[in-house]
Amino acid sequence: MSKRVLISGGTGFLGSYLLLYLLKCTDSTVYCLCRKKGNVAGQDRVRKKIRKMVEGPLARDARFAVDLIRERKRIVFIEGDIRSQNLGLSDQDYASLKLDEIWHVAAAIDFSAHRRKQIVETNVQGTRNILALVRDTGYPVLNYVSTAYVCGQRAGNIPEEVADENYAFNNSYEESKRIAEREILHAGRGLRFRIFRPSVIVGHSHTLEFDSSSGLYSYLSVLLRLKNSIQRRMPEYFRYNTLKLLFDDEATLNMICVDHVVETMCQIAAGKMSENEIIHIVNPYPITLSHYMRRHCPIVGIEIENVTNAQNLSPVDTLMNAQSNIFAAYRQNNKQFEFAKMIRFSNLAPESFRIDDAMLEALTRRVYEHFQKVQERRNGVLR
């Protein structure tokens, strides 16, 4: 008998890949909880997103190349909101849900201190409402997508275990994810769960497709906006000057491709041995941030030099560091995420996750090209 699986976050970067993978690689009926945005219905947002994916580059990836016409009966759209009691559904619709498994992917990926209330509402209250759904539907298995960075300011070896509260979190996003994990771990005996902790999710391993919530795009777009603001006043500045950023030479950058995240999580979730486990979904081959910055940031027109003393910064450097401070915590620590459970519970070889310099160069070029197109549209160049 096929499973009845509910996904939150189906319009997101990770959630849309997960939806397609479940349709292609399982016989599950997928209940897609989706939120209306403006005048656009939730199901229309999801349909548009996944149609663009399967008609484009994913047409050649057997793991995601779904015939949406043939499989349309296996998608049940539920317009609701994880922030609302009963997910914003009517009492009748809520009571009618019968589920075997839940994937809670929806999240506010935002590091802004001034948006803490909204971040917590989505990530913490949303998780509480999903836990209520678990209880109310007879305890289906809950697969919760957290982040490897719930470890906060902890450096060195990062174990696949409950986050150590002795280490402070760096921002409201990490805080909200740590609280949400705590809610799951303290939810009671009947709950069967997995907590998946991905690192920085980047584009597809072959097509390099990404969206604006991709971790690499989020970081580089901040630098590029700052670069543009400087060049409006000093057009030749970055032609003759390096940008000095405050970061540790040994700080690591753990990036993992979105298709690898989905395939790994789904393989792990297929086995009962992984229930009630915290599992890092990370790249066994991280790189140093200094290597990435020095080798690949020249692609976007910035030569970067890392320093550890703020006295070595020019006024422009100081401004760039201050305005990109939202990511400063990720430039400081060498984090080595354990991944033994990820390998044990899946059948994927560690080598398959490796992102080499050629791929990093291509990803960076794609991000830069996308950023430039967005800026051109905003400036009215593209009609």
Identify every side-chain donor-acceptor pair in residues 262-270 under 3.5 Å, counting partners at least two apart or on other chains, and give the distances.
residue: Glu263; atom: OE1; partner: Arg63; partner atom: NH1; Å: 2.8
residue: Thr264; atom: OG1; partner: His260; partner atom: O; Å: 2.6
residue: Gln267; atom: OE1; partner: Asn347; partner atom: N; Å: 3.0
residue: Gln267; atom: NE2; partner: Asn347; partner atom: OD1; Å: 3.0

Below 4.0 angstrom, N of the basic side chain to O of the carboxylate: do [X] and [Y] qualify?
| X | Y | value |
| --- | --- | --- |
| Arg178 | Glu165 | yes |
| Arg295 | Asp357 | yes |
| Glu361 | Arg365 | yes |
| Asp61 | Lys24 | no |
| Asp27 | Lys3 | no |
| Glu101 | Arg4 | no |

Just by distance, no angles: are the side chains of [X] and [Y] close enough, under 3.5 Å, to form a donor-acceptor pair?
| X | Y | answer |
| --- | --- | --- |
| Glu183 | Thr127 | no |
| Ser96 | Asp93 | no |
| Thr364 | His296 | no |
| Arg294 | Asn306 | yes |

With Arg354 via side-chain contact (heavy atoms from CB on, under 4.5 Å) - residues at least two apart: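 Arg354 satisfies side-chain contact (heavy atoms from CB on, under 4.5 Å) with Tyr285, Glu351 only.
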
Between Arg35 and Arg83, the two heavy atoms sitting closest are CD-NH2, 3.7 Å

Hey, do the aromatic rings of Phe111 and Phe327 have their centres closer than 6.0 Å? yes

